Each structure stands twice: as C-alpha cells, then as structure tokens.
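All figures in this text were calculated on a predicted structure; none of them were measured in a lab. By convention in this document, chain letters (A, B, ...) are assigned in the order of the sequence lines, proteins followed by strands, and residues within each chain are numbered from 1.
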Number of protein chains: 2
Amino acid sequence: MDRPPPRPTLHDVAARAGVSIATVSRVLNGSSPTRPETEARVRAAIRGLGFRPNRTGRELRVGQSHTVGVLLPSLSNPIFADSVSGIQDAARAEGWSVLIASSRYDAGREHEAVEGLLSHRVGGLILTVAEADASPTLDALDAEGLRYVLLYNQPTRPDRAFVSIDNVAAGRDAARALVAQGHRRLGMVAGRFDASDRSRLRHAGFAAALAEAGLPPGQVLEIGFDDSAATDALRAALARPDRPTGLFCSTDLLALRSIAVLRDLGLRVPCDVSVIGLDGIAVGALTAPSLASIAQPAHEMGRRAFHHLLRCVGADAPAEHILLPHRLRPGSSLGAAPPSQE
Amino acid sequence: MDRPPPRPTLHDVAARAGVSIATVSRVLNGSSPTRPETEARVRAAIRGLGFRPNRTGRELRVGQSHTVGVLLPSLSNPIFADSVSGIQDAARAEGWSVLIASSRYDAGREHEAVEGLLSHRVGGLILTVAEADASPTLDALDAEGLRYVLLYNQPTRPDRAFVSIDNVAAGRDAARALVAQGHRRLGMVAGRFDASDRSRLRHAGFAAALAEAGLPPGQVLEIGFDDSAATDALRAALARPDRPTGLFCSTDLLALRSIAVLRDLGLRVPCDVSVIGLDGIAVGALTAPSLASIAQPAHEMGRRAFHHLLRCVGADAPAEHILLPHRLRPGSSLGAAPPSQE
DNA sequence: TTGTACGCGTTATCAT
DNA sequence: ATGATAACGCGTACAA
C-alpha cells in the first residue's frame, strides 16, 4: 500500500512562487499589503499545488480554532437536528467548522462532552444543557472565560447568553389555544423537569394560563424522553375517565406519542381529546390528524446562536438574551371541547 | 473584561512535578515505561492543574487528528441523524471527535464540505454522497490516499469501502410485500436518481420483483427531496384514475408525504392505496396509519462505519463492503389490494 | 528510566 | 514590500 503523499505546505508554495513563507501567509490572510505581481505568482503557486492551508498549524499558532463546538441532548429529535442545520449554514458562511457531541440528557455526559470539545480549543460553544441556571459545566466555562451561547435553554441569571423562545409565553399560548376551544379540563405531558428547564418553564406558562382562565390546575404527567416505561405511564394516565379533554405536550415528539396512545385506547383526536404540541417539527404537519403546535424557528435559532457567538468571540460582547418569536401552527389535533358531561 | 487565563501546558505540569515535558508526555500516552513514583507525581500535577492535553499540538505533531469528518446530505432526515448518533457513540468510546457537514444533496457542496473537513487533517471520513461510483470528490480522496468509508452508498466498484443495506434486495422485498397482499398495479415514488444511487438501486430491486411476479413495470415518479413542487407532482400522479394500488416510496419521509397527499385527495390508506416506505424511522410507528417500512439499522450502521474506518486508519485494511440486514417493519399502511375493478 | 532538542505548519515580530 | 525567525504545544529520536 502506498502512503498518502504529504499535502503541500506554505514552504512548498513559497518555493514554487520564489518568495518566503511570510509572503505567502500575507497573501492568504491579507494581513499586510503585497505587490500585485508577487500576489499573482503566489496565487498561481497555490492553485498549481492544490494547496489548502493547514488549520492545525494555524490553530496552534493563534491558540484558537475557527471551530464551534455544539452540544445537544440528542440528534434524534428534529428540533435539535434542525438547529444544527442552522448552525452549519451560518458557520459555513464564515469559514467555521462544526464539532458535535450529544449528552443524551445526562449531566455527566454533558461535562465529559464539553471537555472533549474544549480539548480542540474550539473558538466557542453552543449548548443545550439540562439546567442552565445551576450547571457545573457552565460554571467551569465561566471560570475559564470561555465563550458560549445557550440554545433552547432560558436561564434566569442575566450573565448567560442564550437564544430561545419565551418558553413561559409559549406554554401559556398553548394552554390558551385549548381554552379558546372551550376546553376546561386541561392536562400536560411534560418532559422531566430535572432534565429540561424548558419543560419547567412551559409548565409554568401553562399553569398561569389556567389560573388566568379561572380553571383548576391541570393534571401534569412528567415523563422521561427515551423511556418506553413512559408509554405505560402515558397510557395509564389517559385511560382514566377523568382524563383531560385538552392536552398540552411540552414537545411535538411527546405529542405524537400521546396521540398514538390515545388512538390505541380507542379515543379519537380531537373529538375526545384535543392535543397541542410544542416545537413545530415538519413531520407533525404530515400526520393525521395534523399536529397543532407552538412552533419554534429552529433553523433560525441555530443561525442566531452562531452569530451571537461570533460577536462574543471577537470583542467581549455582553451576554445577550435573544428571544425569538414562536407562533401557533394550526392543526387538526386541536378541536372544540366535547359537550360537558359533568 | 478579563481575558481567559491560558490553559496549563505540558511545561506547567512538568515544572510542577519536577520532571521534563518528555516524561509527562510519556505518562500521558504510555509510550514508554516510567517509574511508578514519578508517574504518580506527574498524575498529581495533572490533576492539580486541571491539565487537559491540547489536541492541536498533538495533531500538528503526528500529522493527523483523532477526529472523524462526517458528510451527509442533511440532518433533517432522521435516518441520517440516527446514524450520526451511532458514529458519535463509537467515536466517543475511542476518544475520537466528530466534525460534521451537510451537502444538501448538492454535488458542489459535497466537494467544498470535504475540503473543509480535510483542512482539519481529520483522521478519516464517513460520507454519503450523491453518486458513489462516479464522484470527483471520492476520486480526489483516493488520489490523496485518504481514508474514508461510505455510509448508505452502495458503489459497485470494489475499491470503495462502504456500510449499507442491500438496496436492491430491500427494494425487491418492499415490492414483494405489496405483491403478497395481492397488489398488481404497483408504483414507486423515488428520490431523484441523480442525487441518490440508493434510490436507483432500490428501484432496480422493485422493478425486478415486478418482473419476477409477471407484472407490468410500475409507474415511477422521480421526485426532489426538499422541493415543494414535488408535492404537486405527487398529487398529480396520485390523482389519476390509473394510479397504483400499491405504492413503494424510496424513503419514509417520501412515504409520509405520499400518505398525506393521498389523504388530501380523499383516498384511504390502505383501503384504496397501500404504502410501504424504506428507512424505518421512529415517527413512522406513531402515525395513523402506522407506516410499513423496510427498516435500516441506522444507529448500528453509523457504529460500524466508524469501526471500519478505524481499522483502515490503523493498518491499510482492504476496503470492506459491509451489508447489514434490513427487515420488514409491519404497519397498517400496508393492506390487501382492493377487489379488481378492471 | 529520564532529559534535551528538534520539527510539525502557521502567524506575527522585527529587520531590511 | 518582503525575508528571516521565533514561537504555539506536543511527540519522539537520541543521549545520558
């Protein structure tokens, strides 16, 4: 087997162009003026050799790479995958690369994964953590003065930059949509509060809307994300005769699972139970019934997170709190409340 | 604003432990034996300083990073996102990192993205390209002797390593499943052949199964992936009275879209038209009707691709062709053919 | 067993 | 406007 021929370096380009490596570097980065003629010779040499600058050398020199580290709970949920697309698009446009890791909603893995990303001396991080207000991982980043932007998280402390929707308002709007359809017995299926501050905030909004409407607090079912035992819990809760007629699920994936369980129980959506989700993932629009949802602009959120990060890396920009608008995506899973049987 | 304090280096550790940087390096990599006592002192210093080796320095030295570059058409399709999870799991276990890029099914972007990944001197690549048998991008990789493993692609040339299912067999099995239900007017919705060799192979299997069953060649609708005009084409094709009663879609996402279109046209699945997809994405099991599908072991495929890559990087292992088994995932979208009306 | 010293490819400083 | 050269953090011959 033949060994891979080494890629050309600055030296090769310099030799071929008859200049020094410093000049080649200057042409590449435009760091100081060069004579048009020499620049042309250098560019010709670059093209001729198929030279591509070695980022590793550059990174070692400047102490930081044009790479963003991304940590998300999972890629299986399209809401996260879509935001990665947004990050990629923005990064590509700026010549940055994307290093990715997943935590599986596990705080231990969070820390480990961030350490892995940091060992690459990434220029910054974009992360979604379990708990943005009390996170040892984020504390460590703060202590080292490393730049990061939270995505989807919505901490209350003002020193942490984030890009999110207003989760409380989103939860409130979801509940209001159900109330507007005449539902008075509302329930919520929520991702585990200790694994998701979003879930907690969405519930707060949900509860507030109920109070505002003069309704009793709804049933809340806290549920694991990847757990199949969760389906049993769902089934048990929805089989009860006092089940809600209007159900808010803190994510679309939970909403689709809930609808499947309801169907399995012989209940019709939305005739017997109305369901509204939160995320606005694309498949939700393809199902029957189509899934009503509070939609997040996932792709745009990824883009914004990256741009905000760039701003932080360049100058020490203050930690911005970016709240993007959510919107109600209508769907046939949301219908009028059945006539009261109380 | 305070600047981030520099991370400790080998020198700092060495100074603290009262040894040379060479010794520290040896302790870190176990590259040559060290006295237990000095090793203990070094480890204490490492812990005391919170030292993490700088991968950039290491990479520059050894000329290659423990990072795998991943290029996929998109992350929006769970079939790709799931394989990334598999890659991540395998990579993490080996202390490797994952650099990711998307091509959006665009050959131009493919090349650009690979160049970006290569500028990091990644240890190897895992990619899904449009056309694995005739790809300038892959030709370039071959010419430079860079290690890569194709994922989902199934080239016919023997020199390119890949991890895939047997796409022809999968297409055949999908068609057979429809035939077994008594369908005699079959059709296929296929991703654009020029953007996906998989799609072409699956069609070949589909066509073979039809011939084998003594049926006329089915209608084939070639369709773009992210195109909304594609929905119009779908609608037009399915509105015709001579539409198939059994429909095979080359991906689950296309299948879900097709079912939505059929529903929109007032047709029932599976009563009027049966649908079977290919991929086996999780949401397909949640919809109504549930989606029958030829399932790929996406997570496992990602894992295997990484492990095969590692083997290639270590020694010059021969290009393996790994075909993983697909399986029929039953679903209510697949039913008996309606009584013949001919 | 441990230390010294060089070089990986790049940027940036200082001369010229 | 350009060239020589010193780092950046690490791995590893080579010496001791």
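What separates CG of A/L28 from P of C/dT10 is a distance of 8 Å, to the nearest Å. Look at NE2 on B/H120: it is 17 Å from P on C/dG9, rounded to the nearest Å. Across the protein-nucleic acid pair, B/E59 atom CD and C/dG9 atom P stand 13 Å apart, rounded to whole Å. As a whole-Å value, the separation of A/L10 CG from C/dA12 P is 12 Å. The separation between A/Q64 atom CD and D/dG9 atom C1' is 16 Å, rounded to whole Å. Atom CG in A/L60 sits about 16 Å away from atom P in C/dG7, given to the nearest Å. D/dA13 atom C1' lies 10 Å from atom CZ of B/R26, rounded to whole Å.
Within 4.0 Å of B/H11, counting heavy atoms only, lies no atom of the nucleic acid at all. When heavy atoms are screened at a 4.0 angstrom cut-off, A/R55 is found touching no nucleic acid atom at all. Looking at heavy-atom distances under 4.0 Å, A/S31 makes no contact with the nucleic acid at all. Nucleic acid contact for A/S25: base, since at least one base atom lies under 4.0 Å from a heavy atom of the residue.
Closest contact between the side chain of A/T23 and the listed nucleotides C/dG3, D/dG3, C/dT10 involves D/dG3. Comparing atom distances between the B/T34 side chain and each of D/dC10, C/dT4, C/dT2 picks out C/dT2 as nearest.
Residue B/T38 places none of its side-chain N or O atoms closer than 4.0 Å to OP1 or OP2 of C/dT1. In this model, the phosphate group of D/dG11 is approached by a side-chain N or O of B/N29 to a distance below 4.0 Å at OP1 or OP2. OP1 and OP2 of D/dT2 both lie 4.0 Å or more from every side-chain N or O belonging to A/S20. Contact annotation: A/R58 does not reach the phosphate of C/dG9 (side-chain N/O to OP1 or OP2, under 4.0 Å). Side-chain nitrogen and oxygen atoms of B/R61 include none within less than 4.0 Å of the OP1 or OP2 phosphate oxygen of C/dG7.
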Exercise. Can B/E59 and B/R121 be said to form a side-chain contact (heavy atoms from CB on, under 4.5 Å), step by step?
Worked result: CA-CA 8 Å; B/E59 287 171 23; B/R121 299 302 191 267; 5.9 Å; no
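Counting only N and O atoms by type, the side chains of B/H120 and A/S97 include a donor and acceptor under 3.5 Å apart.
Using a 4.0 Å cut-off between charged side-chain N and carboxylate O, A/D106 and A/R104 make no salt bridge. Note on B/R303 versus B/E300: salt bridge recorded, some NZ/NE/NH1/NH2 to OD/OE distance being below 4.0 Å.
In this structure, A/R121 and A/R35 both approach DNA chain D, and ranking their closest nucleotides by distance from the 5' end singles out A/R35. Across the interface with DNA chain C, nearest-nucleotide mapping of B/I21 and A/N54 shows B/I21 to be the residue nearer the 5′ end.
Ring geometry for A/W96 against A/H66 counts as parallel: the plane angle stays under 30°, on a 0 to 90° scale with 60° as the upper cut.
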